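Given the structure is predicted, the values throughout are model-derived calculations rather than measurements. Per chain, numbering begins at 1; letters A, B, ... match sequence-line order.
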Protein chains: 2
Amino acid sequence: MFKKVIIAEDFEEFNLAVQQTLNDFNIVNFQHAKYCDDAFLKIRKAIQDNEPYDLLISDLSFKKDHREVKIGSGDELIQKVRELQPEIKIIAYSIEDKSARIKSLFEDAEINAFVLKGRNSIEDLKKALTIISASDQKFISHEVASILQEKGNYEIDDVDIKILKYLSDGTSQDEIIEIFKNNDIKPNSKSAVEKRLAKLKDFFKANNTIHLVSITKDMGII
Amino acid sequence: MFKKVIIAEDFEEFNLAVQQTLNDFNIVNFQHAKYCDDAFLKIRKAIQDNEPYDLLISDLSFKKDHREVKIGSGDELIQKVRELQPEIKIIAYSIEDKSARIKSLFEDAEINAFVLKGRNSIEDLKKALTIISASDQKFISHEVASILQEKGNYEIDDVDIKILKYLSDGTSQDEIIEIFKNNDIKPNSKSAVEKRLAKLKDFFKANNTIHLVSITKDMGII
DNA sequence: TATCGGATTATGGATTTCCGTAAAATACTG
DNA sequence: CAGTATTTTACGGAAATCCATAATCCGATA
């Protein structure tokens, strides 16, 4: 079982529950941070002191408040920690159930477990701890397990997302093309953008561009 | 202080924290429900037994799962409870920070306190309990307090919302007009809908309709 | 009933988006 | 290098939306 754990979680309620769970596993050496920045600093410090953490339990969404932060989301924190300390085990612990985001966590940041906050999340957290401490097996809450099997959104690339984001931000297609040209983004012709939008509308079964933006917002893609 | 409390909250973590807080106030007679339906039944039963609750602490968003429910959100639960038992005190306890929703809770359902889940929510919960048990004063977490002062969205009516919802659902303006005509919704001409959209875009400072839908989605209006 | 004001509806032209076709550029293959 | 395939770009007409103006309806009031 894990010896030294760090929790990144802004809500007291979840912190309390996680700590209680760790106690149940007789893990007493843990710390928590309410901001991603703090968590990252602690992890780096621990490495320097040659006493690295062997598990990170991190929330994904952190509330913004008065404090200015460098790392604003758990996704970023996890990514940076994975680079800094590749062998650390990571549990994402979040209410997030958007497939795009979870998928990218497993594929890009290579998290070891995803525990969905919900009616029985503590149970899941215990399972995750048991499984990933004993092996390199992954764990994912069953409510969202299916999304890992989903045939990929691999057809949707970075440029598509950019277009969608700009659209949802009130930018017209003409303006987007201008921006793309000024920033040397590769397909930047009127018809290329139009074609991509047509493809996206087809893919997401959207009736029109408004619908498309609405759908992709709901799915957490933008 | 309150004698008999019911908590409607689907997350174990929050239930635990709230119950601990009640214990701190020496409130021992409380129950909790993970589904709105259950909470409502308990409240009704308590009235019939002549032992009504004097406080409801309710979350707003409840996760959907396999179980079929009649009351799907805290907003609905609160509304129904307020009708059933007008004198009960109600604390909304939620992560929700969309002004439209909070405002309507105070104005329509006349909740007594709104506690925002966040880094210091337990502190706020204690304040709310103290204040509303002793008087008819309202409490609202300071992070969202400002929105009650906001000049109203009173310019936006039911038809506006309908239009926005249909748009975000992929319906074209022409189709919306058709639907309005078939359902005898009062302004149902091309230009009336266009005029309303122009007004909304002006109000929300949206560049175009896509932007408008995106903004109103973010604000929780649709 | 006459008239005023506000809201709704009608109309038409400018702009933007939509969508199909075709040319041009680029990549890949033998 | 020729030939094929894929991607990007160009063009143009159809459709939808945007926007300003004008006509019409409808309730309130004296």
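Salt-bridge formation is detected for the pair Arg196(B)/Asp157(B): a Lys NZ or Arg NE/NH1/NH2 atom is positioned less than 4.0 Å from an Asp or Glu carboxylate oxygen. Ion pair Asp169(B)/Lys165(B) not flagged as a salt bridge, since none of the NZ, NE, NH1 or NH2 atoms sits closer than 4.0 Å to an Asp/Glu carboxylate oxygen. With respect to the salt-bridge test (charged N to carboxylate O, under 4.0 angstrom), the residues Glu9(B) and Lys117(B) qualify.
Residues Ser121(B) and Glu13(A) have side chains that bring a donor and an acceptor to within less than 3.5 angstrom of each other.
At least one test fails for Lys42(B) against the ring of Tyr53(B): distance under 6.0 Å to the centre or angle within 45° of the axis.
Distance, His211(B) NE2 to dC18(D) C1': 17 Å, rounded to whole Å. As a whole-Å value, the separation of Ile210(B) CD1 from dC18(D) C1' is 13 Å. Protein atom CD of Glu194(A) is 16 Å distant from nucleotide atom P of dA15(D), rounded to whole Å.
Residue Thr209(B) places at least one side-chain N or O under 4.0 Å from the OP1 or OP2 atom of dC18(D).
The side-chain contact (heavy atoms from CB on, under 4.5 Å) test with Val115(A) singles out one residue from Leu129(A), Leu125(A), Ile140(A), Val144(A), and that residue is Leu125(A). The side-chain contact (heavy atoms from CB on, under 4.5 Å) with Lys89(B) is formed by just one residue from the set Ile57(B), Asp136(B), Ile111(B); it is Asp136(B).
Backbone-only contact: Gln173(B) has heavy atoms under 4.0 Å from sugar-phosphate atoms and none from a base.
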Set out, in order, the CA-CA distance, both residues' side-chain angles and the distance that settles side-chain hydrogen bond (donor to acceptor under 3.5 Å, both in side chains) for Asp65(B) and Tyr35(B), then state yes or no. CA-CA 10 Å; Asp65(B) 60 11; Tyr35(B) 295 87; 2.5 Å; yes
Is there a side-chain hydrogen bond (donor to acceptor under 3.5 Å, both in side chains) between Ser214(B) and Lys217(A) once you walk through the steps? CA-CA 8 Å; Ser214(B) 175; Lys217(A) 263 181 106 81; 3.0 Å; yes
Using the 3.5 Å cut-off, write out each protein N or O paired with an N or O of nucleotides 6-9 of chain D and the distance between them.
unit_1 : atom_1 : unit_2    : atom_2 : d
dT9(D) : OP1    : Asn188(A) : OD1    : 3.2
dT9(D) : OP2    : Asn188(A) : N      : 3.2
dT9(D) : OP2    : Ser189(A) : N      : 3.3
dT9(D) : OP2    : Ser189(A) : OG     : 3.3

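A nucleotide of DNA chain C counts as in contact with chain A when one of its atoms lies under 4.0 Å from a heavy atom; the first and last such, 5' to 3', are dT17(C) to dC19(C).
Remark: DNA chain D takes part in the stems C:1-30 with D:1-30, each of 3 or more antiparallel Watson-Crick or G-U pairs, criterion distances under 3.5 Å.
Between the CZ atom of Phe40(A) and the OG atom of Ser58(A) there is a distance of 12.5 Å, given to the nearest 0.5 Å.
Between Phe106(B) and Phe114(B), the ring-plane angle classifies as tilted under the 30° and 60° cut-offs.
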